[in-house]
Amino acid sequence: MASKSTIQTVKGTREFYPEEMALRNYLNQKAASAAQAFGYQEWDAPFLETIDLYAAKSGEELVKEQSFVFNDRGGDPITLRPELTPSLARMIAARQPQLAFPLRWWSFGPFWRYERPQKGRSREFFQWNIDMLGVNSPEADAELIAIAATFLQSVGLPPSMATIFVNNRRLMDAQFDALGILPENRLEVSGLVDRRPKMAPEAWDAYALEKGIISQSQLEGLKQVLGNYDLWQSSAELVRLFKALEALGVKEYVKFDPNIMRGLLYYTGTVFEAFDLSGSVRRAILGGGRYDNLLADVGGEPLSGVGFAMGDVVIGIILQEKGLLPAFVPSPTAVLVTIFDESLWLNSFSLTAELRAADVNVTAYPEPAKLAKQFKFADRMGISIVTVIGPDEAAAGQVTVKNLKNSTQTTVERAQVAKTITKILESKG
RNA sequence: GCGGGUGUAGCUCAAUGGCAGAGCGCUACACUGUGGAUGUAGUUGUUGUGGGUUCGAGCCCCAUCACCCGCCCCA
């Protein structure tokens, strides 16, 4: 029982007990595998940055409302990074001439945002970022979408459970123009579209007209556009994108959806978001798109890119709800060496050294105890092989090896223990 | 920042304003050289915190903190 003065965790942070840590590492590893399958390099940036870095490019809300900012001991303001893209821009600009483009980079690390914690959102989270820079084509966009699909597949989410919805900013801008919506109102109209799924149809109509940026007839036209799932056929970019997705073998995962807008300002072409189709979490699993002028504010040459980000929270909830979490095995070793009693303690310890020298990872029970207790510990830790050196084995220079999986045991010469164990481990397939 | 909900044993949850409980877990034993099954016994609390009402508060009132759900924003 913890004392009454237990110090609480910081709001919106999570503690990672071994079980949660295993999930975090699992997501990290699956992200790494998907990225590496496409030839992306791993990189990272500082977790601490100056607020100035974000002031230029990130949205006002992100900087002013949602960043953790504090003064260091010298009085300078420091920000816990709320996103990675500005750091990416700076690092690329600094070495633009000597980097080998196209650049394919990925990263998995912690980020902080000061917002209200709720389902799918915490203040401290881990995010997978992956970008291709220096290429501006629908085929490049398709590659990033294919990476996202590869990841979804690898964690057990088939197209029947998760879909990547795609749209194109330029296509929508053209549609807005055709409806006579003023360019300066595009952003607000996009906001309307973003909000539509969360409101009742009539309420949304009223809300849209209330804003005064759209007429009744424009609203009708907009609804036509948003309901037209064949609209992509009139976009040369999207036609090429879908052909490329087919060639990359991930077509099943992707659907055109004119309702996908994405709030971030810097997207200029293809945009996409992946959702769990059961809808228990109404947030995107991942989201991204194409952006231009990444380096405009940090003094680099013009550079176009495409990328996406995935937080660990939403995907973690979805995998857990669907029973897709990998089985948690508490112990990293498959072997427990028991300590029979005080007199045989070091005898067992020397066995652990012999096994490790033979490349078998082993856990030793740390002190003598009843064998029942030690076996129970092995069971709880998911350890499948237990060795015993009691007085009989010690006298005969032997070791008993028990396989808890099938409850069989054999007693072998000490020199044969490693081989016996290796054989059991291999036979598990 | 705004709105709603919930806080009781390690966990999941009960308890008309009247003795704070169950299941799971944990420990021991049955089985003094063997886990996962079973049985028996044992173990667990400042009912989030601080005030108030009352003869009496887990329950009612106020405040506060934490968490959850939604809005905003977004991974």
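So you know, we letter chains A, B, ... as the sequences are listed, proteins then strands, and number each from 1.
A donor and an acceptor atom never sit less than 3.5 Å apart when one is taken from the side chain of A:Thr338 and the other from the base of B:G33. The base of B:A75 is not paired with the side chain of A:Glu273 by any donor and acceptor separated by under 3.5 Å.
Cation-pi geometry between A:Arg104 and A:Phe38 is not met: the NZ or CZ atom fails to fall both under 6.0 Å from the ring centre and inside 45° of the normal. For the pair A:Arg123 and A:Tyr114, the distance from NZ or CZ to the six-membered ring centre is under 6.0 Å and the angle to the ring normal is within 45 degrees.
On the P atoms, B:C59 is 13 Å away from B:U8, given to the nearest whole Å. Spacing of C1' atoms, B:G42 relative to B:G50, comes out at 36 Å, to the nearest Å. B:U6 and B:U16: their P atoms are spaced 16 Å apart (whole Å). Taking atom C1' on both B:C11 and B:U54, the two are 35 Å apart, rounded to the nearest angstrom. Comparing B:A57 with B:A15, their C1' atoms are spaced 13 Å from each other, to the whole Å. For B:A37 and B:C19, the P atoms lie 37 Å apart once the distance is rounded to whole Å. Annotation: B:A63 and B:C68 have their P atoms spaced 23 Å apart (nearest Å).
A:Phe272 places its CZ atom 13 Å from the C1' atom of B:A75, with the value rounded to the nearest Å. Between A:Arg121 atom CZ and B:C74 atom C1' there is a gap of 5 Å when expressed in whole angstrom units. Per the geometry, CD belonging to A:Gln66 stands 9 Å off C1' belonging to B:C72, to the nearest Å.
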Strictly under 3.5 Å: I want the nitrogen or oxygen pairs between protein and nucleotides 27-31 of chain B, one per line.
{"residue": "B:C29", "atom": "OP1", "partner": "A:Lys370", "partner atom": "NZ", "Å": "2.3"}
{"residue": "B:C29", "atom": "OP2", "partner": "A:Lys370", "partner atom": "NZ", "Å": "3.1"}

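The residue A:Ser122 sits close to a base: some heavy atom pair falls under 4.0 Å. Using a 4.0 Å heavy-atom cutoff across all strands shown, A:Glu393 reaches at least one base atom of the nucleic acid. Nucleic acid contact class of A:Ala378 (heavy atoms, under 4.0 Å, all strands): none. Across all strands, A:Asp312 comes closer than 4.0 Å to no nucleic acid atom at all (heavy-atom distances). When heavy atoms are screened at a 4.0 angstrom cut-off, A:Val314 is found touching no nucleic acid atom at all. Here A:Ile285 lies in heavy-atom contact (under 4.0 Å) with sugar-phosphate atoms only. At the heavy-atom level, A:Gln409 lies under 4.0 Å from base atoms of the strands shown.
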- prompt: Where along nucleotides 65-70 of chain B does protein come under 4.0 Å, by heavy atom, of base (B) or sugar-phosphate alone (S), with - for untouched nucleotides?
  reply: SSSSSB
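Classification of the A:Trp105-A:Trp43 ring pair by plane angle, with boundaries at 30° and 60°, yields tilted.
Residue ring and base: A:Phe125 counts as stacked with B:A75 (centre distance below 5.5 Å, interplanar angle below 30°).
In this structure, B:A63 forms a base pair with B:U49, meeting either the Watson-Crick or the G-U wobble geometry with both donor-acceptor distances under 3.5 Å.
Residue A:Val388 is the one, among A:Phe126 and A:Val388, whose nearest nucleotide of RNA chain B lies closer to the 5' end (criterion: closest heavy atom).
Remark: A:Arg169 does not engage A:Asp292 in a salt bridge, criterion side-chain N to carboxylate O under 4.0 Å. One finds a salt bridge joining A:Asp173 and A:Arg186 here, because a Lys/Arg side-chain nitrogen approaches an Asp/Glu carboxylate oxygen to under 4.0 Å.
Less than 6.0 angstrom separates the ring centroid of A:Phe151 from the ring centroid of A:Trp128.
Defined by atom type and a distance below 3.5 Å, a donor-acceptor pair is missing between the side-chain atoms of A:Thr333 and A:Arg356.
Shortest non-hydrogen contact noted between A:Ser87 and A:Glu49 is OG-OE2, 2.9 Å.
Across residues 27-40 of chain A, not one residue has a non-hydrogen atom less than 4.0 Å from an atom of RNA chain B.
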